[in-house]
Amino acid sequence: MTNYRENPDDDSIFNRIQGRSISYSIDWDDKTKDYQINKKMDPETGKPVLFVLSTSSMAIDYLATQNSLNRPVVLKVLRKDRQNDIWTRQFFYEAEITAKLEHPNILPVHELGRSFDGTYFYTMKYVPGTRWENTFRSNSIAENLGIFDKLCDAIAFAHHQKIVHLDIKPYNVHVGEFGEVYVVDWGVASDLKRPESVRCAGTWQWISPEVASGDKSRVGEASDIYLLGAILFQIVTGHHPRLPRDPSDKMTDNDLRKATINNIIQPTECKDPLVAVALKALATKPENRYSKVKDLQEEIRYHKA
């Protein structure tokens, strides 16, 4: 593992990682540690437990306190069962990609480190709020379009840096208590400047046909624009572009795969002109979509002026 190099011309990333101490204590706060994971009351037992913000196949996100500055941070820790070369590479890659994207609508990374027990982590800004998915259906169209515009700003900036997210969806957008909007979870992002990093990955309910078919040569900015079109479609019509409108109608994995590769879009009776905008972004061929995120934004503004 110690021979890992994300780029052969760079120094090994391991030489740049600093050791840090993390306290997982529940009974008391250890101010001598670099980071103390916060606690919260378990509603079922009434006892304090570690404050887990979210979990994924790769990592656990904790709410923690950086003791040197006495500030809350998101402490993203590589899971114990993922402490191997493949997952460590992916974890480092996500941290570095996110850290390079300094934008008001992308959560800043503070530090990539390793605890003294050998566990890798990185820390990010903590913003109280919720996933957009949790308010998506209760928001007005105007509210969702406002969030969507900030999402587009972040993705346009990433594209300028030749980074594509590939997993854009309401769940991966964090909305703060004061209207802040942050695109999160860059775990499957690809750097178009480095063809070897390009992957066909994402969430089957959302991904574009070229990603679903595994054609890396066609993955690019248009793959993200497709995802934005899918979200816009749901904002305007009130239903998902790919999943059945009736929740009781279940799609098998094979049905979903076919619908994705063949780009089958659910019909809609919605007459809002933004449906046509969304459908252009959802075009089967990447070259038939908007060429830039800004073009999509301008089209929305034209129809909403």
Are any side-chain N or O atoms of [X] and backbone N or O atoms of [Y], one a donor and one an acceptor, separated by less than 3.5 Å?
X      : Y      : result
Gln36  : Asp29  : no
Thr135 : Ser138 : no
Asn67  : Lys33  : yes
Gln297 : Asp149 : yes
Thr98  : Glu94  : yes
Arg131 : Val175 : no
Asp185 : Gly187 : no
Asp153 : His103 : no
Lys150 : Gly179 : yes
Arg20  : Leu112 : no

Report the distance from atom [atom1] of [X] to atom [atom2] of [Y], rounding to the nearest 0.5 Å.
X      : Y      : atom1 : atom2 : value
Ile37  : Thr65  : CD1   : OG1   : 10.0 Å
Tyr126 : Leu53  : OH    : CG    : 6.0 Å
Asn172 : Leu151 : CG    : CG    : 10.0 Å
Thr237 : Leu232 : OG1   : CG    : 9.0 Å
Ser190 : Ile163 : OG    : CD1   : 8.5 Å
Thr203 : Asp167 : OG1   : CG    : 3.5 Å

Side chains of [X] and [Y]: does their closest heavy-atom pair fall under 4.5 Å?
X      : Y      : answer
Ile60  : Leu75  : no
Tyr226 : Pro209 : yes
Arg137 : Gln234 : yes

Does [X], at its [atom1] atom, have more than 12 non-hydrogen atoms belonging to other residues, nucleotides or ligands within less than 6.0 Å?
X      : atom1 : result
His303 : NE2   : yes
Arg245 : CZ    : yes
Glu287 : CD    : yes
Lys271 : NZ    : no
Asp253 : CG    : no
Lys40  : NZ    : yes

*Do Thr88 and Asp85 have side-chain N/O donor and acceptor atoms under 3.5 Å apart?*
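Result is no, nothing qualifies.
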
*Are side-chain N/O atoms of Ser115 and Asp117 paired as donor and acceptor at under 3.5 Å?*
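Result is yes, a qualifying pair exists.
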
*Is it possible for you to say whether Phe51 and Val77 belong to one hydrophobic cluster, with membership spreading through side-chain heavy-atom contacts below 4.5 Å?*
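Different hydrophobic clusters.
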
*Please check if Val127 and Tyr35 belong to a single hydrophobic cluster, counting links between Ile, Leu, Val, Met, Phe, Trp and Tyr side chain heavy atoms closer than 4.5 Å.*
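They do not share one cluster, since no chain of ILVMFWY contacts under 4.5 Å joins Val127 to Tyr35.
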
_Tell me if the centroids of the rings in His110 and Tyr122 come within less than 6.0 Å of each other._
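Centroid distance His110-Tyr122: not below 6.0 Å, so no.
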
*Step through it carefully: locate the ring centre of His165, locate the ring centre of Trp186, and say whether they are under 6.0 Å apart.*
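Aromatic pair counts; centres sit under 6.0 Å.
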
*asked:* Can you confirm if the NZ or CZ of Lys76 lies within 45° of the ring axis of Phe121 and under 6.0 Å from the centre of its six-membered ring?
replied: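 Judged by the rule (NZ or CZ under 6.0 Å from the ring centre, within 45° of its axis), Lys76 is not positioned above Phe121.
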
*Who passes side-chain hydrogen bond (donor to acceptor under 3.5 Å, both in side chains) against His159, sequence neighbours left out?*
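Applying side-chain hydrogen bond (donor to acceptor under 3.5 Å, both in side chains) to His159 gives Asp224.
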
*asked:* Just to verify, which of Phe92, Phe91, Trp87 counts as forming a ring pair (Phe, Tyr, Trp, His ring centres under 6.0 Å) with Tyr120?
replied: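 Only match with Tyr120 under ring pair (Phe, Tyr, Trp, His ring centres under 6.0 Å): Phe92.
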
_Regarding Asp27 and Lys39, does a basic nitrogen lie under 4.0 Å from an acidic carboxylate oxygen?_
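Result for this pair is no, no salt bridge flagged.
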
_Nearest atoms (heavy-atom pairs only) where Gln205 meets His240_ =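 For Gln205 and His240, the tightest heavy-atom pair comes out as O-CE1, 2.9 Å.
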
*Taking the hydrophobic residues Ile, Leu, Val, Met, Phe, Trp and Tyr, and joining any pair whose side-chain heavy atoms are under 4.5 Å apart, which ones share a cluster with Ile261?*
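Traced through the cluster, Ile261 reaches no other member.
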
